[in-house]
Amino acid sequence: MVSSEKCSMARPGAPNVVVILIDDMGFGASSPFGGPIDMPTAERLAGGGLRFNQFHTTALCSPTRASLMTGRNPHSVGFGTVTNFVSSDPGYNCIRPENAGTIAQILRESGYSTAAFGKWHQTPGAETGPDGPFDRWPTGEGFEHFYGFLGGSTDQYYPALYDGVTPVDCPATPEDGYHLSEDLSDKVIDWIECHHADTSDKPFFAYLALGATHSPLQVPKRWRDKYAGQFDHGWNRQREITLARQKELGIIPPDGEMTPWPDLVPDWGNISEDDQRAAALLMELYAGFAEHTDAQIGRIVDALSEMEILDNTLICYLLGDNGASAEGGMTGTVNEGILFNGLGDSSSHILQRADELGGPTTAPQYPFGWALAMDTPYQWVKQVASHYGGTRNPLIVHWPDGIESSGEVRTQWHFVSDIAPTILEAAGIEQPREMNGAEQQPMDGVAMGYCFDNAKVASRRTTQYFEVFGNRGIYHEGWVACTLHRVPMQAASADKPFEDDKWELYDSTSDWTQAHDVAETHPRKLEELQRLFQEVAAANQVLLDNNRMQRMREGAINLSLSAEVKYPGSMPPLLPDAAVRVLNRSHIISVNVTLDSTGSTGVLVSQGARADGGWGIYLRQGRVAYCHSVADLSVWHVRSDYIVQPGTREICMKFDYDGGGLGKGATVRLAVDGVEVTSGRVENSTAFYVGGTGLLTIGRGHGVPLSDDYQRDDRIAGVVDSVHFRLHGELLEDEAAVVRNALAIQ
């Protein structure tokens, strides 16, 4: 048994462990699982390892990652939601309890070196500031090294990076060829090579969670161009092509049927020619993005091979933390911030900016229809934990020294919490009863090693519940009972009472794809599984309270934001959840600055960047100005002709919000040393979303500038001493209702 004291050495011959997690990839996307996207590294690992075709995730980012890291059910460790939408309810506070230690903590205490790279999304937003606390950052959760980002998504060209707990700049620019996935691959390889050179007798655990293929879909154009014209046949036809290929590969049984197409998503033949062109272009972009990601993983596999440690490295390659994302809406979008701020994008706008798609000035996402196609042959998408389109993801396991079989498919039913006990079993480590003075709750996961060399053995995982945003279900001994409570991106469905939900029933022993609802013909079986769901849900802190969804959404935005905050000029970049929130209310921002000379250009304080929008106060050849960009769709400027003189000055921006709802207009007034120098109008403002990165920065911007008035490298001739925020007023009840409605579609 592993004690709370750190062990000095791992078991002789213990395997290295590499866990790789792709973001937002559906079951039917990748080539080794019959999809249209070439992923040669995944094919290579599958050819030398095993493909699991009944592996499941939670249907959402943070819950899947928490279950992966702890080996427990997500709600039992506080992760029934994402860190952006927490509540005080124990199953939804995103605070991992001490009695649920992570796989990284266990391996580190058992003699492994540990490192995490890429996306984390397990730290509560309020704890992502420069003062932490840091015990729920990766380095507080068992990883000795971390390089990556904390939120749910980030810009691929200008990510919000951290080295340990310290924010760091990107090592290069897009002009230099920088891309986050390539950077992460470089860092993983560097860390493994250094570890191997210094302590080759000590095993390591490397966890790589890519930001790809989550939006924004950003990748150099040559990767997109490879797929030009390959999706012109549309999403309905693609489903047919994929299902046929899946049957050829043995991923789906020969009698597996295509599931019904939801009525709310139009068939390809029923949308306009422009809609088809725009949708095909966005799908080409997604495919190129995914193949580029797989190529970076290939570099890591090559490095392991060159170091002659590939064969004794257990690689778990998870192609998705949930089903494909429908967060691009029905049309898709140039910038996801357009949709997340309650605005609409159009195919004409997408086509107008076609040359920019995938570059640093856009933050695209593909349409709902392609998400359904990428989840072939299953129903629904990401966030829909009730159906396999949201929860069934490909898993590839590669470990030549530990698995005799290769190139085979495994049909045993498994869940993401099974990864941690599988790693412990392979490493010869027992699950600890106590860690850091806390008695540990047993892992819910089932080690998967029993089927590595036995394709016909019965599944040892017989029961698993699911719940995300009220969408819920339970698998038990081949049967699935489930109910769709809420359709993604459909605000009207968000607050339907739970008692109004209609349950479905599927017999997966004869209906592999969940194509036939047999609830009416097997009412007693449905009642049995509904009772079982209630029992298991209660035991795991799942709360089916009709007010919980409202509490979670309101947890994402403080409805009484009267505050006064003063930041020093030396303040490091702040993520949105850790920064002062100025949206949808009147506010005053006062910048105290010491200028060495006149005529310089540069940012004083800003939040956001070109792709998703934001706001900024800056100098333009010595003249004070303000820019407010609503998802790069509406860009407003208030500029003065007053030249700010050298010395210590106070530059003030007063934002008089119109009120009456979310994202309304405002009168903006600029003053220097108490004297108003100009005023102007912002006719609409950012309602909620300032980008997946959305950094608040002082003395400089982040990413592609919001305005053409300044360049990324421009700096004022002087220094910002401090920035003082004064927020005024509280949201009225009608405004709060608009907030709730907007957040309902997230």
Check your understanding: Under 3.5 Å, is there a donor-acceptor pair between the side chain of T58 and the main chain of L60?
Key -> yes
Exercise for review: Would you tell me whether D155 and Q218 have side-chain atoms, one donor and one acceptor, within less than 3.5 Å of each other?
Suggested key: yes
Exercise for review: Give a yes or no answer on whether the side chain of N684 reaches the backbone of G665 with a donor-acceptor pair at less than 3.5 Å.
Suggested key: no
Review point. Is there a donor-acceptor pair closer than 3.5 Å between any side-chain N or O of T83 and the backbone N or O of G125?
Key: no
Point to revise | Cationic N near anionic O, under 4.0 Å, D713 to R700 | key: no
Check your understanding: Do we see a donor-acceptor contact under 3.5 Å between the side chains of S62 and Q122?
Key -> no
Point to revise | Intermediate values then yes/no, salt bridge (Lys or Arg N to Asp or Glu O under 4.0 Å), R681 and D656 | key: CA-CA 10 Å; R681 285 285 300 171; D656 291 324; over 6 Å; no
Practice item. Output, in order, the C-alpha distance, side-chain angles, deciding distance and verdict of ring pair (Phe, Tyr, Trp, His ring centres under 6.0 Å) for W615 and W636. Key: CA-CA 9 Å; W615 57 268; W636 307 100; over 10 Å; no
**Study point:** Cation over ring face, R486 and F469, 6.0 Å, 45°
**Key:** yes
Review point. Distance only, no hydrogens: is a donor on one side chain within 3.5 Å (strictly under) of an acceptor on the other, for S590 and R726?
Key: yes
Check your understanding: Counting distance only, does the side-chain N/O of Q276 pair as donor-acceptor with the main-chain N or O of W268 below 3.5 Å?
Key -> yes
Check your understanding: Got a donor-acceptor contact below 3.5 angstrom from the N341 side chain to the G337 backbone?
Key -> yes
Review point. Hey, is D709 close enough to R623 for a salt bridge, meaning N to O under 4.0 Å?
Key: no
Check your understanding: Is it true that a side-chain atom of R610 and a backbone atom of P705 form a donor plus acceptor pair closer than 3.5 Å?
Key -> yes
**Study point:** Side-chain H-bond candidate by donor/acceptor type, H485 with D500, under 3.5 Å
**Key:** no
Exercise for review: Look up atom CG in N592 and atom CD1 in I651, then write down how far apart they are to the nearest 0.5 Å.
Suggested key: 9.5 Å
Check your understanding: Any salt bridge between K382 and D375, counting N to O under 4.0 Å?
Key -> no
**Study point:** V487/L264 under side-chain contact (heavy atoms from CB on, under 4.5 Å): CA gap, chis, key distance, verdict
**Key:** CA-CA 10 Å; V487 178; L264 84 158; 3.8 Å; yes
Check your understanding: Do H637 and S707 have side-chain atoms, one donor and one acceptor, less than 3.5 Å apart?
Key -> yes
Check your understanding: Does the side chain of M571 come within less than 4.5 Å of L574's, by heavy atoms?
Key -> yes
**Study point:** Interatomic distance, L633 atom CG to D612 atom CG [nearest 0.5 angstrom]
**Key:** 11.5 Å
Review point. Residues two or more places apart in sequence or in another chain: which of them pass ring pair (Phe, Tyr, Trp, His ring centres under 6.0 Å) with Y366?
Key: Y286
Revision key, fill the gap. dist I617:CD1 -> I698:CD1 (nearest 0.5 Å) comes out at 10.5 Å
Check your understanding: Any chance the side chains of R639 and Y626 put a donor and an acceptor closer than 3.5 Å?
Key -> no
Check your understanding: Is there a donor-acceptor pair closer than 3.5 Å between any side-chain N or O of R353 and the backbone N or O of H349?
Key -> no
Practice item. Classify the side-chain pair N471/W380 by whether it contains a donor and acceptor separated by less than 3.5 Å. Key: no
Check your understanding: Does the side chain of T601 reach to within under 4.5 Å of the side chain of L619, using non-hydrogen atoms?
Key -> no
Check your understanding: Quick one: does W370's side chain have a donor or acceptor within less than 3.5 Å of a partner on M374's backbone?
Key -> no
Exercise for review: Give the C-alpha distance, both sets of side-chain angles, the deciding distance and a yes or no for ring pair (Phe, Tyr, Trp, His ring centres under 6.0 Å) between W120 and Y162.
Suggested key: CA-CA 11 Å; W120 184 242; Y162 291 82; over 10 Å; no
**Study point:** More than 12 heavy atoms from other groups under 6.0 Å of CD on E273
**Key:** no
Review point. Counting N and O atoms only, with roles assigned by atom type, does the side chain of Y657 sit under 3.5 Å from a partner on the main chain of G663, one being a donor and the other an acceptor?
Key: yes
Exercise for review: Please determine, by modelled atom types, if R277 and S347 share a side-chain donor-acceptor pair under 3.5 angstrom.
Suggested key: no
Point to revise | E650 and H724: side chain donor to acceptor below 3.5 Å | key: no
Point to revise | T362-N335 side chain donor-acceptor pair, cut-off 3.5 Å | key: no
Review point. Does CD in Q621 sit with more than 12 non-hydrogen atoms of other residues, nucleotides or ligands closer than 6.0 Å?
Key: no
Practice item. Would you confirm whether K119, through its side chain, and G152, through its main-chain N or O, come within 3.5 Å as a donor-acceptor pair? Key: yes
**Study point:** Verdict with reasoning, Y92 to F79, per ring pair (Phe, Tyr, Trp, His ring centres under 6.0 Å)
**Key:** CA-CA 5 Å; Y92 304 86; F79 278 84; over 10 Å; no
Check your understanding: When L575 is tested against each of T693, L695, L696 for side-chain contact (heavy atoms from CB on, under 4.5 Å), which residue passes?
Key -> L695
Practice item. Would you kindly say whether T333 and D345 are connected by a side-chain donor-acceptor distance under 3.5 Å? Key: yes
